[in-house]
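Each remark here refers to the structure printed beneath this line.
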Amino acid sequence: MYRIGIDLGGTNIAVGLVSDELRIVKKLSTPTLAKRPAQEIVADMASLCERLCAEQGIEIADLESIGIAAPGMINSVDGVVEYSNNIPLRKFPIVAILRDTLGTDIPISVANDANAAAWGEACAGAAKGTKNSIMVTLGTGVGGGIIIDGKLYTGFNCAGGELGHTVLVVDGVPCSCGRRGCWEAYSSATALIRMTNEKLEECAASGRKTVMTELVEKSGKASGRTAFDAMRAGDEAG
């Protein structure tokens with residue numbers, strides 16, 4: 001029997017077909033394009049699931065289950081994304097819509113993405129065999145998952161593991177959650193891109209040359225790689 005895991009990220013949707021031995025057999029991905037209507041995002045999730053099954057020679061109905069890892073506050077009981085700041089989802093019934101899109105009645109569930117990652121590592125990864133662990137996920141945002149005594153800690157409103165929204169700097173830079181000074185506002189890929197653009201503006205204003213300008217001109221925009229690529233090229237600003 002196979003299962004499918006869906007990682008709904010702020011940048012990409014990644015879908016993997018998983019064997020009974022908890023190994024990823026096949027995987028596919030596509031850009032999330034997070035600002036578009038949520039139904040279109042779910043349609044892409046469904047399409048990737050169908051493609052994976054087709055490539056493996058099975059049907060959606062042959063799957064044991066589908067699990068969705070989504071960012072934000074998740075109501076796993078009702079299958080709803082209550083709130084997500086990196087993907088504009090509010091009280092969105094993601095499980096019901098994916099089930100309708102796929103036309104299936106197999107079990108589908110949703111969990112916070114960092115919680116799902118923490119549980120995955122506890123079951124089959126770096127934390128396998130331990131009872132207590134903490135997972136920090138770095139991507140579009142900063143997420144966290146906490147395992148205590150072999151159980152996933154979710155806390156009040158399933159937001160107990162939102163480590164990325166711990167305030168590090170009082171009255172610091174704005175975070176996408178609406179607060180200021182969050183860990184995510186300084187350590188995520190989104191923050192890195194913001195800081196890269198700030199450095200580019202600073203260099204342009206002072207007339208300082210930087211390899212980052214050339215890299216951005218070639219690619220069309222700054223990315224999480226820009227500063228690192230510039231640094232490796234010997235750029236002091238990078």
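Note that the coordinates shown come from a computational prediction; the quantities given were computed from them, not determined experimentally. Heavy atoms only: backbone and side chains are in, while hydrogens, waters and symmetry mates are out.
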- Query: Does a sphere of radius 6.0 Å around CD in Glu40 hold more than 12 heavy atoms from other residues, nucleotides or ligands, not counting ones at 6.0 Å or beyond?
  - Reply: yes
- On a heavy-atom basis, the closest approach of Ala117 and Thr137 is CB-CG2, 4.0 Å
- Message: Please check this pair: side chain of Asn12 against backbone of Ala14, looking for a donor-acceptor N/O pair closer than 3.5 Å.
- Response: no
- Message: For the SG atom of Cys177 and the CD atom of Glu184, what is their distance to the nearest 0.5 Å?
- Response: 7.5 Å
- Query: Which value, rounded to the nearest 0.5 Å, describes the distance between Leu215 atom CG and Ser223 atom OG?
  - Reply: 8.5 Å
Only pairs under 3.5 Å count here: list side-chain donor-acceptor contacts from residues 45-71, not counting sequence neighbours, and write none if there are none.
unit_1: Gln56; atom_1: NE2; unit_2: Tyr2; atom_2: OH; d: 3.1
unit_1: Asp62; atom_1: OD2; unit_2: Glu59; atom_2: N; d: 2.8
unit_1: Glu64; atom_1: OE2; unit_2: Arg3; atom_2: NH2; d: 3.0

- Are Thr210 and Asp235 linked by a side-chain donor-acceptor pair shorter than 3.5 Å? yes
- Query: Does Asp171 CG have over 12 foreign heavy atoms under 6.0 Å away?
  - Reply: no
- Item | Validation row: Asn132, Ile146 side chains within 4.5 angstrom (heavy atoms) | no
- Task: Indicate whether any N or O donor in one side chain lies under 3.5 Å from an N or O acceptor in the other, for Thr11 and Thr140.
- Result: yes
- Note on the structure: side-chain contact (heavy atoms from CB on, under 4.5 Å) filter on Glu201, not counting sequence neighbours, yields none
- Task: Can you see which heavy atom on Ala185 is nearest to which on Val173, and at what distance?
- Result: CB-CG2, 3.6 Å
- Side-chain heavy atoms under 4.5 angstrom apart, residues restricted to Ile, Leu, Val, Met, Phe, Trp, Tyr: same cluster for Val81 and Ile97? yes
- Message: Please report the interatomic distance NZ(Lys221) to CG(Asn197), rounded to the nearest 0.5 Å.
- Response: 11.0 Å
- Hey, does Ser176 have a side-chain heavy atom less than 4.5 Å from the side chain of Asn86? yes
- Task: Step by step, work out the side-chain contact (heavy atoms from CB on, under 4.5 Å) result for Trp183 and Val136.
- Result: CA-CA 11 Å; Trp183 185 5; Val136 176; 3.8 Å; yes
- Message: Same cluster or not: Val15 versus Ile87, using hydrophobic residues (I, L, V, M, F, W, Y) connected whenever any side-chain heavy atoms lie under 4.5 Å apart?
- Response: yes
- Task: Could you tell me whether the side chain of Tyr83 reaches within less than 4.5 Å of the side chain of Arg90, counting heavy atoms only?
- Result: yes
- Item | Nearest-0.5 Å distance, OH of residue Tyr153 to CG of residue Asn115 | 11.0 Å
- Query: In terms of hydrophobic clustering (I, L, V, M, F, W, Y; side-chain heavy atoms under 4.5 Å; direct or indirect links), are Leu28 and Val25 co-clustered?
  - Reply: yes
- Taking NZ, NE, NH1 and NH2 as the nitrogens, is one of them in Glu198 or Arg194 under 4.0 Å from a carboxylate oxygen of the other? yes
- Task: Kindly give the heavy-atom pair with the smallest separation between Ile6 and Ile4, and that separation in Å.
- Result: CG1-CG2, 4.0 Å
- Message: Is it the case that the side chain of Ser188 and the backbone of Ala191 share a donor-acceptor pair, with hydrogens and angles ignored and the cut-off at 3.5 Å?
- Response: yes
- Should Trp119 and Ile147 count as side-chain neighbours, where that means a heavy-atom distance under 4.5 Å? yes
- Output all residues satisfying salt bridge (Lys or Arg N to Asp or Glu O under 4.0 Å) with Arg36, sequence neighbours left out; order by chain, then residue number. Asp44
- Pairing residues for Ala189 by the side-chain contact (heavy atoms from CB on, under 4.5 Å) criterion, not counting sequence neighbours: none
- Taking the side chain as every heavy atom from C-beta outward, state whether Phe92 and Gln39 have any atom pair closer than 4.5 Å. yes
- Closest non-hydrogen atom pair, Ile108 against Thr104: CD1-CG2, 4.3 Å
- Query: Do the side chain of Asp20 and the main chain of Met1 share a donor and acceptor less than 3.5 angstrom apart?
  - Reply: yes
- Using side-chain contact (heavy atoms from CB on, under 4.5 Å) as the criterion, list what pairs up with Val169, not counting sequence neighbours. Tyr186
- Audit row: Lys151, Lys131, side-chain contact (heavy atoms from CB on, under 4.5 Å) steps and yes/no: CA-CA 8 Å; Lys151 298 178 182 178; Lys131 286 189 175 181; over 6 Å; no
- How about Asp7 and Ile13: do any of their side-chain heavy atoms sit closer than 4.5 Å? no
- Counting only N and O atoms by type, is there a donor-acceptor contact under 3.5 Å from the side chain of Arg180 to the main-chain atoms of Gly172? yes
- Item | Ile24, CD1: over 12 other non-hydrogen atoms inside 6.0 angstrom | no
- Using the side-chain contact (heavy atoms from CB on, under 4.5 Å) rule, take Lys199 and Met212 through it: C-alpha gap first, then chi angles, then the decisive distance, then the call. CA-CA 9 Å; Lys199 178 60 70 171; Met212 291 191 292; 3.4 Å; yes
- Is Leu200 reachable from Met195 through a run of I, L, V, M, F, W or Y residues, each pair having side-chain heavy atoms under 4.5 Å apart? no
- Give the minimum heavy-atom separation between Cys182 and Gly164, together with the two atoms involved. CB-O, 3.5 Å
- Query: So, do His165 and Asn85 sit near enough that their side-chain heavy atoms are less than 4.5 Å apart?
  - Reply: yes
- Query: Shortest non-hydrogen contact from Ala111 to Ser76?
  - Reply: CA-OG, 3.9 Å
- Message: Using a 3.5 Å distance criterion without hydrogens, assess whether the side chain of Thr32 forms a donor-acceptor pair with backbone atoms of Ala34.
- Response: no
- Query: Which residues pass the side chain to side chain donor-acceptor pair (under 3.5 Å) test with Glu82, sequence neighbours left out?
  - Reply: Asn75, Lys91
- Message: Side chains of Leu8 and Asp113, heavy atoms from C-beta outward: is any pair under 4.5 Å?
- Response: no
- Message: Checking the side chain of Thr226 only, and the main-chain atoms of Ala222 only, is there a donor and an acceptor separated by less than 3.5 Å?
- Response: no
- State yes or no: do Ile148 and Ile134 share one hydrophobic cluster built from I, L, V, M, F, W and Y residues joined by side-chain heavy-atom distances below 4.5 Å, directly or via other members? yes
